Amino acid sequence: MGVTRPLKFSALNPNDALLQQHQLHHCSNASCSCNGKSRNGKHVLCKSSSTNSSHKRKISLSVVCGFMLFGLGFISLITGHLASDLEWYSQQLVKRSFYSKLEGSHRRPIDIWKSGYSKFYYGCSGRGGHFPSAIPEQSSNGYLLIATSGGLNQQRTGITDAVVVARILNATLVVPELDHHSYWKDDSDFVDIFDVDWFISSLAKDVPIVRRVPDKFMRSMEKPPYTMRVPRKSEPEYYMEQVLPILLRRSVVQLTKFDYRLSNDLDDELQKLRCRVNFHAIRFIKPIEELGQSLVMKMRKMARRYIAVHLRFEPDMLAFSGCYFGGGDKERFELGEIRKRWATLPDLRPEGERRRGKCPLTPYEVGLMLRALGFSNVTYLYVASGEIYGGESTLQPLRELFPNFYTKEMLANEHLKPYLPFSSRLAALDYIVCDESDVFVTNNNGNMAKILAGRRRYMGHKRTIRPNAKKLSSLFMARDHMDWDTFSKKVKSAQRGFMGEPDEMRPGRGEIHEYPYPCICEKEAEDDDNDNGDAGNSSVISDGSGPQKMGVSAIV
């Protein structure tokens with residue numbers, strides 16, 4: 001706008017123009033326009049000294065060609081101008097968020113500790129005025145039993161969707177059962193991890209929930225509860241057409257292996273119900289919450305802010321990925337044996353999986369990424385993880401990059417002993433410390449990573465870093481062939497779009513648990529154009545077009 005652009009004209013190829021001139025000259029001097037006969041009947045050629053009519057024809061053809069060239073040039077000028085401004089015109093037709101309206105927001109340096117735009121967004125999952133209140137238990141279509149599947153956070157998705165499915169079916173939900181037979185082998189029940197009274201009361205206006213099917217009702221049943229498994233990502237219509245008729249006929253239906261069994265695409269009111277369940281109704285019991293918060297306080301006493309890293313470098317994760325991490329034949333055998341428990345997994349090429357960004361980063365690679373982004377070696381790190389494959393030798397390179405390295409085992413000491421036999425309760429402690437961190441770093445696209453990333457977006461877009469493994473893998477392989485400054489610059493470039501900024505959350509992208517866009521509202525801006533948070537007081541990521549303030553020393 002307001003910038004003079006050079007005019008562009010379209011012309012014939014110079015060779016084509018010369019050919020046309022040659023043809024016109026030949027026609028004007030030879031027999032092209034003359035087909036007369038001599039008196040003896042023989043054909044004769046026109047002489048070069050042509051008549052006035054042939055001269056006029058020559059002039060008219062030249063004029064026509066000139067007008068044609070002018071017309072082509074004018075059309076090319078108009079279309080070229082429109083094409084060059086097509087992107088600008090299209091952007092004017094699209095309603096943009098305040099974040100995208102901020103001039104040059106995609107080029108500004110990114111504060112590695114906090115999004116400068118998080119203050120413009122907030123969670124909004126309240127019930128709409130036209131969303132009817134829950135029907136009473138006595139008037140519902142029956143009782144819905146849910147058996148969840150997987151570890152703590154996978155089961156959390158099942159619990160969340162169970163409430164929504166009960167709402168769709170106008171059913172009474174029985175407090176879901178947790179999985180006791182998964183890889184984690186945790187026999188904890190719902191009441192051992194989650195505040196069941198709060199779960200029931202906070203959702204009373206949405207869905208009737210009971211602890212168990214009433215004994216009187218069970219004794220009157222002629223048959224045991226009907227058990228079925230629904231396909232993954234089932235639409236509401238499937239539940240209405242396939243599950244509801246059975247529920248009406250049998251009064252009690254149990255859905256097994258219930259994880260990700262509901263479509264990601266629902267109307268906004270049902271999506272907001274998902275958010276009310278996941279971010280408000282599911283709450284840890286008081287002992288877990290208190291111990292988790294005590295770990296947070298210990299981290300805060302040592303440092304004003306800290307990073308939480310979910311390494312997810314356990315043997316089962318590595319085996320499932322099909323990747324190779326440099327452990328030789330020993331690693332191939334050990335992970336291959338674990339991999340056998342998934343009979344349907346395809347054979348994968350480790351090199352291809354790494355190039356596609358499907359392999360989790362090693363602890364050392366996570367540390368390199370963080371140092372390259374600008375986190376200094378005095379940064380405090382909380383590492384959330386189960387059993388690390390390779391043990392202390394695998395963790396040592398990360399410890400050397402970040403000496404202020406802590407885990408729940410180091411912080412809780414003897415207070416952790418009652419939790420050690422229960423993997424889900426241990427995972428709940430990690431969940432709390434990661435959720436309260438200033439920066440959360442995921443190392444895969446697993447359930448805890450998705451759930452926490454979604455929650456942190458909902459709670460004000462707290463900084464969440466997801467490695468761009470596809471681009472980073474090539475950088476790690478070429479690390480020895482570039483100096484630290486070059487490596488750091490390339491890592492920062494690769495990580496743009498993976499830092500948890502608000503504009504990364506586009507409608508329809510990913511799982512609703514990770515991208516809860518229907519539940520996040522945008523505040524009206526009030527003269528905030530010059531307010532970029534505390535970016536000026538902390539390390540930032542720059543693409544090279546602006547000043548940088550870094551706290552990282554060269555790594556040899």
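Remember, predicted model here, so these are calculated numbers, not experimental data.
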Neighbour count >12 (heavy atoms, 6.0 Å) for atom [atom1], [X]:
X: K298; atom1: NZ; answer: yes
X: D265; atom1: CG; answer: no
X: M297; atom1: CE; answer: no

Which is it for F190 and E177 under the side-chain contact (heavy atoms from CB on, under 4.5 Å) test, yes or no, and what are the steps along the way? CA-CA 7 Å; F190 192 100; E177 298 178 6; over 6 Å; no

Please evaluate residues D430 and R425 with respect to the criterion salt bridge (Lys or Arg N to Asp or Glu O under 4.0 Å), reporting the C-alpha separation (whole Å), side-chain torsions for both, the decisive distance (0.1 Å), and the verdict. CA-CA 9 Å; D430 278 338; R425 302 182 207 186; over 6 Å; no

[X] versus [Y]: any side-chain heavy-atom pair under 4.5 Å?
X: Y117; Y: D503; value: no
X: Q495; Y: L373; value: yes
X: E314; Y: I388; value: no
X: F194; Y: I159; value: yes
X: N377; Y: L401; value: no
X: R354; Y: Y324; value: no
X: I200; Y: R211; value: yes
X: V165; Y: F258; value: yes

May I have the step-by-step check of side-chain hydrogen bond (donor to acceptor under 3.5 Å, both in side chains) for D186 and S188, ending in yes or no? CA-CA 6 Å; D186 189 328; S188 299; 2.6 Å; yes

When you look at F284 and Y431, which way does the ring pair (Phe, Tyr, Trp, His ring centres under 6.0 Å) test go after all the steps? CA-CA 10 Å; F284 296 120; Y431 181 100; 5.5 Å; yes

Could you pull out the closest heavy-atom pair between [X] and [Y], with the gap in Å?
X: V433; Y: G292; result: CG2-O, 4.0 Å
X: R274; Y: T160; result: O-CG2, 3.5 Å
X: F199; Y: P176; result: CE2-CD, 4.3 Å
X: A372; Y: S488; result: O-OG, 2.7 Å
X: L335; Y: P315; result: CD2-O, 3.8 Å
X: V378; Y: N404; result: O-ND2, 3.0 Å

Just by distance, do the side chain of [X] and the backbone of [Y] share a donor-acceptor pair under 3.5 Å?
X: N443; Y: L361; value: yes
X: K490; Y: K471; value: no
X: R283; Y: D195; value: no
X: R339; Y: F320; value: yes
X: S473; Y: K470; value: yes
X: E365; Y: T362; value: yes
X: D267; Y: L270; value: yes
X: Q155; Y: D179; value: yes

Yes or no on side-chain contact (heavy atoms from CB on, under 4.5 Å) for L370 and F402, after CA distance, side-chain angles and deciding distance? CA-CA 10 Å; L370 292 175; F402 292 94; 3.7 Å; yes

I'd like to know if [X] pairs up with [Y] as an ion pair, taking the criterion as any Lys NZ or Arg NE/NH1/NH2 lying under 4.0 Å from an Asp or Glu carboxylate oxygen.
X: D161; Y: K233; result: no
X: E353; Y: R355; result: no
X: R399; Y: E392; result: yes
X: D329; Y: R332; result: yes
X: E289; Y: K286; result: no
X: D259; Y: R232; result: yes

Would you check, one step at a time, whether the test disulfide (SG to SG under 2.5 Å) holds for C124 with C519? CA-CA 5 Å; C124 54; C519 308; over 6 Å; no

Measure centre to centre between the rings of [X] and [Y], then say whether the value is under 6.0 Å.
X: F313; Y: F325; result: yes
X: Y380; Y: F405; result: no
X: Y458; Y: H280; result: yes

Between N278 and R156, does any side-chain donor sit less than 3.5 Å from a side-chain acceptor? yes

Will you find, in the side chains of H513 and N447, an N or O donor that is under 3.5 Å from an N or O acceptor? no

By the definition side chain to side chain donor-acceptor pair (under 3.5 Å), identify the one residue from R457, R456, E504 that meets it with T464.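 Going through R457, R456, E504 one by one, the side chain to side chain donor-acceptor pair (under 3.5 Å) with T464 is satisfied by R456 alone.
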
Of R276, R167, K272, which meets side chain to side chain donor-acceptor pair (under 3.5 Å) against D206? R276

Determine the sole option in R304, R300, K462, R305 for which the salt bridge (charged side-chain N to carboxylate O under 4.0 Å, His left out) test with D438 is passed. R300

How far apart are the C-alpha atoms of Q242 and E237, what are their side-chain angles, what is the distance that settles it, and do they pass the side-chain contact (heavy atoms from CB on, under 4.5 Å) test? CA-CA 8 Å; Q242 302 296 326; E237 291 76 16; over 6 Å; no

Working note: D316 + Y389, criterion side-chain hydrogen bond (donor to acceptor under 3.5 Å, both in side chains); need CA distance, chi angles, decisive distance, verdict. CA-CA 9 Å; D316 69 304; Y389 182 73; over 6 Å; no

Check the pair D483 / R479 against salt bridge (Lys or Arg N to Asp or Glu O under 4.0 Å), numbers first and verdict last. CA-CA 8 Å; D483 59 43; R479 169 68 188 95; over 6 Å; no

Can you check side-chain contact (heavy atoms from CB on, under 4.5 Å) on M448 and C434, steps first, answer last? CA-CA 10 Å; M448 182 170 172; C434 289; 3.9 Å; yes

Starting from the C-alpha separation in whole Å, work towards a yes-or-no answer on salt bridge (Lys or Arg N to Asp or Glu O under 4.0 Å) for E501 and R463. CA-CA 7 Å; E501 290 291 327; R463 175 69 73 211; 2.9 Å; yes

